[in-house]
Amino acid sequence: KNEVEQSPQNLTAQEGEFITINCSYSVGISALHWLQQHPGGGIVSLFMLSSGKKKHGRLIATINIQEKHSSLHITASHPRDSAVYICAAPRYSGGSNYKLTFGKGTLLTVNP
Amino acid sequence: GAVVSQHPSWVICKSGTSVKIECRSLDFQATTMFWYRQFPKQSLMLMATSNEGSKATYEQGVEKDKFLINHASLTLSTLTVTSAHPEDSSFYICSARRLAGVSEQFFGPGTRLTVL
């Protein structure tokens with residue numbers, strides 16, 4: 001079992017739909033990252049959150065540390081939101097270092 | 001926001017040559033930089049963690065002599081793929097962290113390496 005599990009693996013939506021991507025993790029962490037990777041490959045850090053909810057534009061991320069579960073929501077989805085969304089959990093690796101354990105990603109396609 | 005650049009964005013080289021990839025944090029000082037590689041349709045795989053002024057920590061299975069990492073300053077880390085072979089062809093991504101501990105990582109745009 002992967003330490004970080006995402007669902008769904010693939011998601012197709014129509015423009016304007018509300019999108020939810022889920023992430024469950026089994027490693028002990030204090031925060032979770034949500035990343036976006038566009039077809040060109042570049043990765044953008046969307047959120048790092050350790051509790052509650054964060055909002056940035058049409059993106060909302062929530063986390064429940066006790067249940068080890070996080071969700072990424074996209075409101076009023078748009079074709080430009082089409083990308084791979086990745087959740088990642090930091091694991092302590094000694095000293096002051098933390099390594100990210102990545103989910104396999106969710107490929108989102110938003111059709112016009 | 002914090003910006004991380006990589007150079008070059010893509011490179012094609014002949015088998016047996018060495019390739020250097022630079023990773024720079026443009027508007028902040030990075031205590032730690034990370035190097036990842038990603039094969040098509042797969043997750044990022046951490047290759048090594050590098051702290052400025054000290055030797056990089058390599059992940060199990062990553063050859064130190066093949067993937068040389070130099071983190072000479074708080075804004076620059078380099079990855080050199082020595083004696084590259086076609087199986088080294090991949091997408092290499094760096095990230096930089098401003099603060100120690102659990103803090104946000106900022107990712108570079110990646111470098112696509114193709115070894116002929």
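All heavy atoms count here, side chains included; hydrogens, waters and symmetry mates do not. Residue numbering restarts at 1 for every chain, and letters A, B, ... go by the order of the sequence lines. Predicted model only: the values in this text are computed from it and were never measured.
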**Request:** Please flag which part of A:L35 lies under 4.5 Å from any non-hydrogen atom of chain B: side chain, backbone, both or neither.
**Result:** side chain
**Asked** Within the side chain of A:N64, is there an N or O that forms a donor-acceptor pair under 3.5 Å with the backbone of A:E67?
**Response** yes
**Item:** Ring centres under 6.0 angstrom apart (A:H33, A:F47)
**Value:** no
**Fill in**
Whatever's closer than 4.5 Å to a heavy atom in chain A on B:Q42 counts as neither
**Asked** Are B:Q6 and B:I93 close enough that some pair of their side-chain heavy atoms sits under 4.5 Å apart?
**Response** yes
**Item:** Region of B:L44 in contact with chain A, defined by heavy-atom distances below 4.5 Å
**Value:** both
**Message:** Before we go on, tell me: are the rings of B:F28 and B:F106 under 6.0 Å apart, centre to centre?
**Reply:** yes
